[in-house]
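Below is one structure, written out as structure tokens; the observations come after it.
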Amino acid sequence: MHFINLHKHSYSNDASVLEVVNQYPWEFNPKIPQYSIGIHPWYIDEARLTSDLKCIAKKLQQKECLALGECGIDKRIEIPLETQIQVFKQQLALVKQTNKPVILHCVAAYQEVITIKKELNIQNPMIIHGFSKNQQVAKSLLDNGFYLSLENIYYVIQN
């Protein structure tokens, strides 16, 4: 039996767990065997945006990169919403060239991510990280093809 931890911030090297370690382009650690990579809305830095996007594009082509993310939209931070949406769309354009999933950070912006998914015709699996909202929001997301991950829940895979 194996477990998948869809979103970690550090690598523990536990053989019973497939760890998808969240990495950022500006501090990428090549020693981590499986990872996701993306620009979290909290850490958008327009001064390094071009180099961050180039790094993401390159890493998404590697087999060790299992997903894009954590990326998305957070309406409760000071970074302007339009900037967040622009950076989110740029990352989605990169992942569309693959079949890799997207791990989403979404705070108070569920309708926006649904609209963007439809607008850009994203076929990649899109997973809302750490979902904790109500049944109505969950239904809306599920009806629009999103997946939901819950904090501290592991999914069991039989070999």
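What you are looking at is a predicted structure, and each value in this text was computed from that prediction instead of being measured. Just so it is clear, the values below take in all heavy atoms, side chains as well, and ignore hydrogens, waters and symmetry mates.
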Evaluation steps, side-chain hydrogen bond (donor to acceptor under 3.5 Å, both in side chains), between E27 and N29:
CA-CA 6 Å; E27 60 181 19; N29 180 349; over 6 Å; no
Looking only at heavy atoms, what is the nearest atom pair of [X] and [Y], with distance?
X    : Y    : result
I122 : M126 : CG2-SD, 3.7 Å
S36  : G69  : OG-O, 2.9 Å
Y24  : G38  : CD2-O, 3.5 Å
V95  : P101 : CG2-O, 4.3 Å

Taking [Y]'s backbone N and O only, do any of them form a donor-acceptor pair with [X]'s side chain (distance below 3.5 Å, no angle check)?
X    : Y    : result
N124 : K100 : yes
S140 : Q136 : no
K133 : A138 : no

Assert yes or no for the condition that the ring centre distance of F146 to F131 is strictly below 6.0 Å.
no
Are H105 and H40 close enough that their ring centers fall under 6.0 Å?
yes
Apply the side-chain contact (heavy atoms from CB on, under 4.5 Å) test between I128 and each candidate in L104, I103, V102; give the one that qualifies.
L104
Decide yes or no for [X] and [Y]: does some side-chain heavy atom of the first lie under 4.5 Å from some side-chain heavy atom of the second?
X    : Y    : value
L141 : Y147 : no
I56  : Q90  : no
L94  : L53  : yes
D74  : W42  : yes
I127 : L148 : no
P41  : I79  : no
P25  : I37  : yes

[atom1]-[atom2] distance between [X] and [Y], expressed to the nearest 0.5 angstrom:
X    : Y    : atom1 : atom2 : answer
T83  : I77  : OG1   : CD1   : 10.0 Å
Q84  : K75  : CD    : NZ    : 10.0 Å
L49  : D45  : CG    : CG    : 8.5 Å
I39  : D52  : CD1   : CG    : 4.5 Å
I116 : K118 : CD1   : NZ    : 12.5 Å

Taking it one step at a time, do E70 and Y43 satisfy side-chain hydrogen bond (donor to acceptor under 3.5 Å, both in side chains)?
CA-CA 11 Å; E70 182 176 354; Y43 307 122; over 6 Å; no
Can you hop from [X] to [Y] via hydrophobic side chains spaced under 4.5 Å?
X    : Y    : result
L81  : V87  : yes
Y110 : L142 : yes
L60  : L120 : yes
F28  : L68  : yes
I85  : V107 : no

Any salt bridge linking E119 with K89? Criterion: basic side-chain nitrogen under 4.0 Å from a carboxylate oxygen.
yes
Going by the side chain to side chain donor-acceptor pair (under 3.5 Å) test, name the single residue among E64, Q62, K59, Q23 that passes it with Y35.
Q62
Could you go step by step and tell me if K117 and N144 meet the side-chain hydrogen bond (donor to acceptor under 3.5 Å, both in side chains) rule?
CA-CA 9 Å; K117 180 180 189 285; N144 282 283; over 6 Å; no
